[in-house]
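A quick write-up on the structure given underneath.
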Amino acid sequence: MNGNNESTTSENFIKAIIREDLKTNKWGGRVHTRFPPEPNGYLHIGHAKSICLNFGVAQEFGGITNLRFDDTNPTKEDVEYVDSIKEDVKWLGFDWADREYYASDYFEQLYEYAIELIKNGKAYVCDLSAEEIKNTRGTLTEPGTESPYRNRSIEENLDLFQRMKAGEFPDGAKTLRAKIDMKSGNLNMRDPVIYRIKHTEHHRTGNKWCIYPMYDYTHCLSDSIERITHSLCTLEFEDHRPLYDWVLDELGVYHPQQIEFARLNLSYTVMSKRRLLQLVEEKYVDGWDDPRMPTISGLRRRGYTPESIRDFAERIGVAKRENTVDLALLEFCIREDLNKRANRAMVVLDPVKVIIDNYPDDLVEELEAINNPEDASSGTRKVLFSKEIYIERDDFMENPPKKYFRLSPGQEVRLRYAYYITCTNVVKDDSGNITEIHCTYDPETKGGSSPDGRRVKGTIHWVSANHCLETDVRLYENLFLNEDPMQFERFQDNINPNSLQIVNAKAELFLKNAKVGDKFQFERKGYFCVDSKYTTSEKLVFNRTVTLKDSWAKVSGK
RNA sequence: UGGGAUGUAGCCAAGUGGUAAGGCAUCGGCCUUUGGAGCCGACAUCCGCAGGUUCGAAUCCUGCCAUCCCAGCCA
């Protein structure tokens, strides 16, 4: 499958800034961005927004984008995460070429810069404990107080910092702090810690270091080292920008521009790594790639395409306003993509048997079906038809309401690509459940149209009872019942108990050749893909990506 | 009188002094061998509120209100 339905790119304030910078030649005509994940969890749809922004904007203006792992905290990070992140960015369709960087690659240089800060009297070694630092930081409305170690001599600071690096002190015994302003209204400027001691092995540098630089200190310098032009990050870092600028200015080094935009929130889900990690660890879901998760890997397994996610990212725009995008927009994007690309199949999810009494007992006919009415090049296929078939249980009603135009006693419907049938009677078991529906067919309507031109309102899908494939189909609903799960004391309490339902379905025979990841529209039901986790050589398992729009559900008030 | 930011339709979002783009959702209608898709139409006398400047204000000024972020040796 291939296709592309991305809408034309829209304007946003970041593009406006870049366009202006290009006009004034601020960066010598360069546009160089970076996507800087911390490898401490899987990427989610919110990261996809950032990825599409960073790579997209560079692409649009002839620039390039680095992939940089912000790996300055060895206690939280792991290679499992760097591998998944690389896979996800690649899958989304972006290429960082050979520019795969790690903040940890810069540890040596960062250390040298720290020494320079010390020499300039702009940083000092502080012996205060974490608790004491917290207590002297002040509050939102009151200034902090200066550390008693703030005015150590440069020589002493140099000596101590070197000994911190050499491993002479235990975790937490000392920190290196920037000497800025304990009275600043911006808490980030109250002598922030820029190095801490952690005798922890790092997934890349091993045991080489026992001091690790903090985010604020590392990020701006990494951007500087990589000659980034526009450093795009989310709103919560707005308060950190003065520190970003301070470090680079004090060191007098290349100085990128940090620009903040609003992170994505999506209705009916949660979107923080911490919360997603909780869902995984507390076993509410099957893992980071559970199809109900808003992770890239979850969406991939669910059947979303990279094109649909890029289209979504384009449609939601980029601005500074806090936002919660309607899940319906994401669903719209995948439907629109798959409508044009996915071949159709008839699959009965909740089967009930129909017997066509006047159809010859042993006859089996081959009928022609269109693979995708939206794509003439997709061709046709043959479907087997016989006396006994399955239809959806809810495509029959004994006492139908007004405007119900599927099968009911005396009402004629079309079996898609087959014949018109009319229900004559039903057979029930002792508890009143329908076990068989008896019908007659009109042999003149083969293919699904009648020579006399009479109209039937309803068309339903079916499979031949003796010519079908058993498959498991996993039907997903939103993981959460409320559009804003975070309004609950415990967001876990809002989990939808019906977010996963597994049914045994009867599918058209040709589906047996489907491969993991293949996508189909099950006619009248939705889009489905072959699951990568539970499919075996014996049994195909499908995931429902999204339902089709169902205007009958609205009419019937469901 | 802590600091920073944001308020345009149910949800996103353009617009930057010349009289409110676009998308999703919703609601009508047409069409249809998927109650799908497609097509057509409706949907802000008004831009958080109140004043002011101007021939003219969502855009400029003043004041107010609301919401979000910040007190990790996390990122």
Side-chain angles (χ1 to χ4, degrees), chain A residues 7-8 10-12 16 36-38 40 70 72-73 75-77 126 128-130 133-135 137-144 171-177 183-190 192-198 212 214-216 218-219 233-242 260 262 264 267 273-274 314-333 335-336 339-340 344 346 370 373-374 403-406 414-418 420 447-449 456-461 483 521-526 547-556:
Chain A
S7 54
T8 51
S10 56
E11 182 59 345
N12 64 54
E38 181 188 16
N40 69 340
D70 223 328
T72 59
N73 186 356
T75 58
K76 291 189 174 177
E77 296 149 8
C126 183
L128 257 25
S129 68
I133 287 184
K134 180 186 167 86
N135 292 338
R137 185 155 27 226
T139 69
L140 293 178
T141 52
E142 297 158 329
D171 288 8
K174 293 184 187 327
T175 57
L176 183 71
R177 292 228 254 166
K183 293 191 290 293
S184 173
N186 181 343
L187 297 255
N188 296 118
M189 299 299 271
R190 321 242 262 227
V193 170
I194 58 177
Y195 266 93
R196 76 290 216 184
I197 301 171
K198 274 180 193 282
Y212 292 96
M214 299 285 289
Y215 165 84
D216 286 304
T218 307
H219 202 91
C233 62
T234 44
L235 251 30
E236 66 271 26
F237 292 102
E238 222 150 16
D239 284 343
H240 296 245
R241 184 166 12 107
E260 309 85 11
L264 167 68
S267 59
K273 279 195 215 170
R274 197 186 116 232
E314 188 59 50
R315 286 170 185 269
I316 59 177
V318 178
K320 299 195 71 158
R321 190 187 324 181
E322 299 281 348
N323 62 83
T324 302
V325 173
D326 194 339
L327 220 212
L329 180 60
L330 217 211
E331 297 185 335
F332 167 84
C333 291
R335 283 194 190 104
E336 186 175 68
N339 177 45
K340 287 182 244 156
R344 317 276 121 132
M346 292 197 286
I370 295 165
E374 303 293 319
K403 303 275 260 307
Y404 181 85
F405 26 90
R406 282 114 92 154
R414 169 167 41 235
L415 294 174
R416 178 139 234 223
Y417 300 125
Y420 291 2
S449 59
V456 286
K457 273 264 191 56
T459 300
I460 64 177
H461 60 100
E483 62 184 83
Q521 182 196 101
F522 292 176
E523 293 215 24
R524 305 206 303 134
K525 285 291 155 188
T547 60
L548 252 29
K549 274 209 285 190
D550 186 355
S551 48
W552 167 244
K554 273 174 209 160
V555 174
S556 64

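Side chains are part of it too, since the values below use all heavy atoms of this structure and drop only hydrogens, waters and symmetry mates.
With its glycosidic angle more than 90° from 0, B:G48 is assigned anti.
Partner assigned to B:G18 is B:C55, using Watson-Crick or G-U wobble distances below 3.5 angstrom. The partner of B:A66, taking Watson-Crick or G-U wobble pairs whose two distances both stay under 3.5 Å, is B:U6. Nucleotide B:C73 forms a pair with no other nucleotide shown, judged by Watson-Crick or G-U wobble geometry with both contacts under 3.5 Å. Under the Watson-Crick or G-U wobble criterion, with both distances below 3.5 Å, B:C39 is paired with B:G29.
At the heavy-atom level, A:Gln521 lies under 4.0 Å from base atoms of the strands shown. Within the nucleic acid shown, A:Val318 comes within 4.0 Å of sugar-phosphate atoms alone, with no base atom in reach, counting heavy atoms only. Contact annotation for A:Thr459: backbone-only contact, meaning every heavy-atom pair under 4.0 Å involves sugar-phosphate atoms and none involves a base. Contact annotation for A:Lys457: no contact, since no heavy-atom pair falls under 4.0 Å across all strands. Among the atoms of the strands shown, none is found under 4.0 Å from any heavy atom of A:Phe522. Note on A:Arg344: a base of the nucleic acid sits closer than 4.0 angstrom, heavy atoms only. As judged by a 4.0 angstrom heavy-atom cut-off over every strand, A:Met346 is placed among residues making no nucleic acid contact. Note on A:Glu38: only backbone sugar-phosphate atoms sit closer than 4.0 angstrom, heavy atoms only; bases stay farther off. Using a 4.0 Å heavy-atom distance criterion, A:Tyr417 is classed as a base contact. Residue contacts shown for A:Ser551 are limited to sugar-phosphate atoms, with no base heavy atom under 4.0 Å away. Among the atoms of the strands shown, base atoms are found under 4.0 Å from some heavy atom of A:His240. In this structure, A:Pro373 reaches the bases: a heavy-atom distance under 4.0 Å links it to at least one base atom across the strands shown. Residue-level contact check: A:Tyr212 touches neither bases nor backbone, having no heavy atom under 4.0 Å from any strand. Among the atoms of the strands shown, none is found under 4.0 Å from any heavy atom of A:Lys273.
Atom pair A:Glu236:CD and B:C68:P shows a separation of 15 Å (rounding to whole Å applied). Note: CG (A:Leu176) to C1' (B:G72) measures 17 Å, nearest angstrom. In this structure, CD1 of A:Ile133 is placed 6 Å from C1' of B:C73, rounded to the nearest angstrom. Atom CD in A:Glu260 sits roughly 13 Å away from atom C1' in B:C70 (whole-Å rounding). One interatomic measurement links the two molecules: CZ of A:Phe405 to P of B:U34, which rounds to 11 Å at whole-angstrom precision. Taking atom CG of A:Asn12 as the reference point, atom P of B:A13 lies 11 Å away to the nearest angstrom. In this structure, A:Phe332 places its CZ atom 14 Å from C1' of B:G36, rounding to the nearest Å. In this structure, A:Ile197 places its CD1 atom 14 Å from P of B:C73, rounding to the nearest Å.
Nearest to the side chain of A:Ile316, among B:A37, B:C12, B:G35, sits B:C12. Here the side chain of A:Trp552 is nearest to one of B:C74, B:G35, B:G36, namely B:G35.
Using a distance-only test at 3.5 Å, with no hydrogens or angles considered, a donor-acceptor pair links the side chain of A:Arg335 to the main chain of A:Thr547. Remark: the backbone N or O of A:Glu523 is not paired with any side-chain donor or acceptor of A:Arg344 at under 3.5 angstrom. Under a 3.5 Å cut-off, the side chain of A:Glu77 and the backbone N or O of A:Asn73 do form a donor-acceptor pair. Not one N or O on the side chain of A:Asn186 forms a donor-acceptor pair closer than 3.5 Å with the backbone of A:Ser184. Side-chain atoms of A:Thr459 do not come within 3.5 Å of backbone N or O of A:Arg416 as any donor-acceptor pair.
Atom C1' of B:U45 sits at a distance of 24 Å from the matching atom of B:A25, rounded to the whole Å. B:A13 sits 9 Å from B:U8 when the P atoms are compared, rounded to a whole Å. B:G15 sits 12 Å from B:G22 when the C1' atoms are compared, rounded to a whole Å.
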message: Counting primed atoms plus P, OP1 and OP2 as sugar-phosphate and everything else as base, spell out the protein contacts along nucleotides 2-11 of chain B at 4.0 Å heavy-atom distance: B, S or - for each nucleotide, 5' to 3'.
response: BBSSSSB--S
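Taking 4.5 Å as the limit, some side-chain heavy atom of A:Glu236 sits within range of a side-chain heavy atom of A:Thr234. Between A:Ile197 and A:Thr175, the closest side-chain pair of non-hydrogen atoms is not below 4.5 Å. Residues A:His219 and A:Thr72 fail the side-chain proximity criterion, which asks for heavy atoms closer than 4.5 Å.
Considering only side-chain N and O atoms, A:Lys134 lies under 4.0 angstrom from the phosphate OP1 or OP2 of B:G72. Proximity of A:Thr72 to the phosphate of B:A75: a side-chain N or O atom is located under 4.0 Å from OP1 or OP2. Remark: A:Arg137 is in phosphate contact with B:C73, judged by side-chain N or O atoms under 4.0 Å from OP1 or OP2.
The aromatic rings of A:Tyr215 and A:His240 sit perpendicular to each other, their planes meeting at more than 60°, with 30° as the lower class boundary.
A:Trp552 has its ring centre no less than 6.0 Å from the ring centre of A:Phe405.
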Which atoms of nucleotides 26-30 of chain B (N or O only) lie under 3.5 Å from a protein N or O atom, and what are those distances?
unit_1: B:U26; atom_1: OP1; unit_2: A:Lys554; atom_2: NZ; d: 3.1

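Ion pairing of A:Lys76 with A:Glu38 is absent here, as no side-chain N (NZ or NE/NH1/NH2) approaches a carboxylate O to less than 4.0 Å.
You cannot call A:Tyr215 stacked on the base of B:A75; the centres under 5.5 Å and planes under 30° rule is not satisfied.
Contact annotation: side chain of A:Arg524 to base of B:G35, donor-acceptor pair absent below 3.5 Å.
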